[in-house]
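A short write-up of the structure that comes next.
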Amino acid sequence: MIPHPGGQLWADVRWRNGWRVQTHSEFPLSRLLDPSDRAHTHGSIEACEGALAKLVPPTPPPEHLVVLLHGLGRTRRSMRKVDRALAGAGLSTARLDYPSTRDTIDNHAHRVGQLLNHMAMPSRLSFVTHSLGGLVVRKLLEQDAPWRESLFRIVMFAPPNQAASLARTLDNAALRLVMGPSFKQIAGGIPQSLPVPEVPTSIVAGEIGNTGTDGLVTVAETKLDGMAAHHVVPAVHTFVMNHPEAILRTVSFLASPDLA
């Protein structure tokens with residue numbers, strides 16, 4: 001599902017207290033957005049970084065920061081419900097945008113890594129992802145960066161961790177044009193080559209009836225070796241992250257100091 005064309009044109013490259021500097025996926029243009037998504041500055045990335053420094057002075061990092069990454073064809077808006085639940089549990093969150101249909105998994109991970117490299121790191125850094133977002137985080141784990149020392153836990157909603165058989169079945173030139181390079185990579189089997197997280201990872205799969213699939217990814221395709229937990233909720237792929245049980249399990253997994 002692609003909400004609107006503009007949602008696939010911008011990538012968050014800096015983040016501070018909900019403010020985000022974005023770069024355009026096709027043109028050398030940047031903008032600074034406040035937590036309400038209102039633009040305050042347009043121009044070069046240097047100009048936007050300067051405006052961010054003036055408008056949002058640095059503050060000590062939170063004890064635990066949760067970074068949320070949406071799925072293919074979606075935007076950060078799709079993660080609002082779980083974001084609110086995490087905030088309600090006292091966790092700080094950074095809900096990010098990336099142009100999922102416009103670039104490769106490698107480049108998505110590179111941008112997220114650069115964003116993290118420009119942040120003051122919390123004691124604990126966790127990720128909550130939907131679909132493609134899980135693969136972006138796995139690619140991110142190839143980076144040797146200071147933020148790795150803070151990595152705490154990961155939650156993946158409906159991740160195509162073993163690729164997606166339906167993507168291979170539907171793979172054609174027209175769909176690649178619409179869904180972009182990341183879809184081609186999933187259909188081509190790249191997920192099996194990505195690093196497996198070494199931190200506790202909880203996976204929530206969706207299933208329609210007793211079909212063994214959420215309509216796009218099978219329950220079996222979501223699994224990873226060494227995962228700390230695996231749950232199945234009655235939901236289609238697009239809305240797994242909004243299911244009440246999925247949200248409750250996510251909050252419990254991230255907010256509890258111990259793994260139950």
Review point. Which of parallel (below 30°), tilted (30 to 60°) and perpendicular (above 60°) describes His70 and Tyr98?
Key: parallel
Review point. Below 4.5 Å, heavy atoms only, C-beta onward: do Leu141 and Leu194 meet side chain to side chain?
Key: no
Check your understanding: How long is the gap from CD1 on Ile45 to CD on Gln22, to the nearest 0.5 Å?
Key -> 11.0 Å
Revision key, fill the gap. Taking every heavy atom of Lys139 against every heavy atom of Ile105, the minimum-distance pair comes out as CB-CG2, 3.8 Å
Review point. Does Val82 reach the side chain of Asn242, with side-chain heavy atoms less than 4.5 Å apart?
Key: no
Practice item. State whether a side-chain donor-acceptor pair under 3.5 Å links His64 with Ser126. Key: yes
Exercise for review: List the steps and the verdict of side-chain contact (heavy atoms from CB on, under 4.5 Å) for Arg16 and Met119.
Suggested key: CA-CA 7 Å; Arg16 182 184 292 174; Met119 288 172 54; over 6 Å; no
Review point. So which heavy atom on Asp214 is nearest to which on Ala158, and how close?
Key: OD2-CB, 3.6 Å
Point to revise | Sole residue of Val66, Val199, Val67 in side chain to side chain contact (heavy atoms under 4.5 Å, CB included) with Leu125 | key: Val67
Check your understanding: Which value, rounded to the nearest 0.5 Å, describes the distance between Leu9 atom CG and Glu26 atom CD?
Key -> 6.0 Å
Review point. Can you list the steps and then say if Trp19 with His40 is a ring-ring contact (aromatic ring centres under 6.0 Å, His included)?
Key: CA-CA 10 Å; Trp19 290 68; His40 288 251; 4.8 Å; yes
Exercise for review: Over all heavy atoms of both residues, which pair between Ser100 and Ser182 is shortest? Give the atoms and the distance, please.
Suggested key: O-OG, 3.7 Å
**Study point:** Leu29 vs Thr23 side-chain heavy atoms within contact, under 4.5 Å
**Key:** no
Check your understanding: Do Phe127 and Leu140 pass the side-chain contact (heavy atoms from CB on, under 4.5 Å) test, and can you show the C-alpha distance, the side-chain angles, and the key distance before you say yes or no?
Key -> CA-CA 11 Å; Phe127 290 94; Leu140 191 64; 3.6 Å; yes
**Study point:** Donor-acceptor side-chain pairing of Asp106 and Gln185 below 3.5 angstrom
**Key:** yes
Exercise for review: Might you point out which heavy atoms bring His237 and Ser131 nearest each other, and give the distance in Å?
Suggested key: NE2-OG, 2.9 Å
Check your understanding: Do Asp37 and Arg20 meet the salt-bridge criterion of a basic N to acidic O distance under 4.0 Å?
Key -> yes
**Study point:** Same cluster (ILVMFWY, side-chain, under 4.5 Å), Trp10 and Leu32
**Key:** no
Study note, to complete from the structure: Residues Trp147 and Gly113: closest non-hydrogen pair is NE1-O, 4.3 Å
Point to revise | Least distance between heavy atoms, Ile154 atom then Phe253 atom | key: O-CE2, 3.6 Å
Check your understanding: Is Glu63 salt-bridged to Arg124, cutoff N-O under 4.0 Å?
Key -> no
Review point. Taking C-beta and beyond as the side chain, do Ser202 and His231 meet within less than 4.5 Å on heavy atoms?
Key: yes
Practice item. Please lay out, stage by stage, how Leu96 and Leu68 fare under the test side-chain contact (heavy atoms from CB on, under 4.5 Å). Key: CA-CA 6 Å; Leu96 305 182; Leu68 296 96; over 6 Å; no
Practice item. Go through the side-chain N and O atoms of His230 and Thr222 and say whether any donor and acceptor fall under 3.5 Å apart. Key: yes
Point to revise | Under 3.5 Å donor-acceptor, Arg95 side chain and Asp83 backbone | key: no
Exercise for review: Assess whether atom NE2 of His110 is packed by more than 12 heavy atoms of other residues, nucleotides or ligands within 6.0 Å.
Suggested key: no
Practice item. Would you indicate whether the side-chain heavy atoms of Met79 and Arg76 approach each other to under 4.5 Å? Key: no
Exercise for review: Is it possible for you to say whether Leu69 and Val196 belong to one hydrophobic cluster, with membership spreading through side-chain heavy-atom contacts below 4.5 Å?
Suggested key: yes
Practice item. Supply the atom-to-atom distance Leu52 CG to Thr41 OG1, rounded to the nearest 0.5 angstrom. Key: 9.0 Å
Review point. What's the verdict on side-chain contact (heavy atoms from CB on, under 4.5 Å) for Met241 and Thr250, showing C-alpha distance, side-chain angles and the deciding distance?
Key: CA-CA 9 Å; Met241 67 286 195; Thr250 298; over 6 Å; no
Study note, to complete from the structure: Taken to the nearest 0.5 Å, the spacing of Ile247 CD1 from Arg84 CZ works out to 8.5 Å
Exercise for review: Count the heavy atoms belonging to other residues, nucleotides or ligands that lie under 6.0 Å from CD of Glu149, then report whether that count exceeds 12.
Suggested key: no
Exercise for review: Output the distance between atom CD (Glu221) and atom OG1 (Thr213), rounded to the nearest 0.5 Å.
Suggested key: 7.0 Å
Point to revise | Thr129 and Val155, any side-chain heavy atoms less than 4.5 Å apart | key: no
Check your understanding: Would a hydrophobic clustering, with Ile, Leu, Val, Met, Phe, Trp and Tyr connected at side-chain separations under 4.5 Å, put Val219 with Met156?
Key -> no
Check your understanding: Distance from Leu72 atom CG to Leu216 atom CG, nearest 0.5 Å?
Key -> 9.5 Å
Check your understanding: Any sub-3.5 Å donor-acceptor pair from His243's side-chain atoms to Phe239's backbone N or O?
Key -> no
Point to revise | Hphob cluster co-occupancy, Val13 + Val137, side-chain heavy atoms under 4.5 angstrom | key: no
Point to revise | Residues Arg111 and Asp103 bridged, charged N to O under 4.0 Å | key: yes
Review point. Val21, Val56: one ILVMFWY side-chain cluster at the under-4.5 Å cut-off?
Key: yes
Point to revise | Side-chain (Arg148) to main-chain (Gln143) donor-acceptor, under 3.5 angstrom | key: yes
Point to revise | Min side-chain heavy-atom separation Trp15-Leu65 under 4.5 Å | key: yes
Check your understanding: Do Asp97 and Thr75 have a side chain donor and acceptor closer than 3.5 Å?
Key -> no
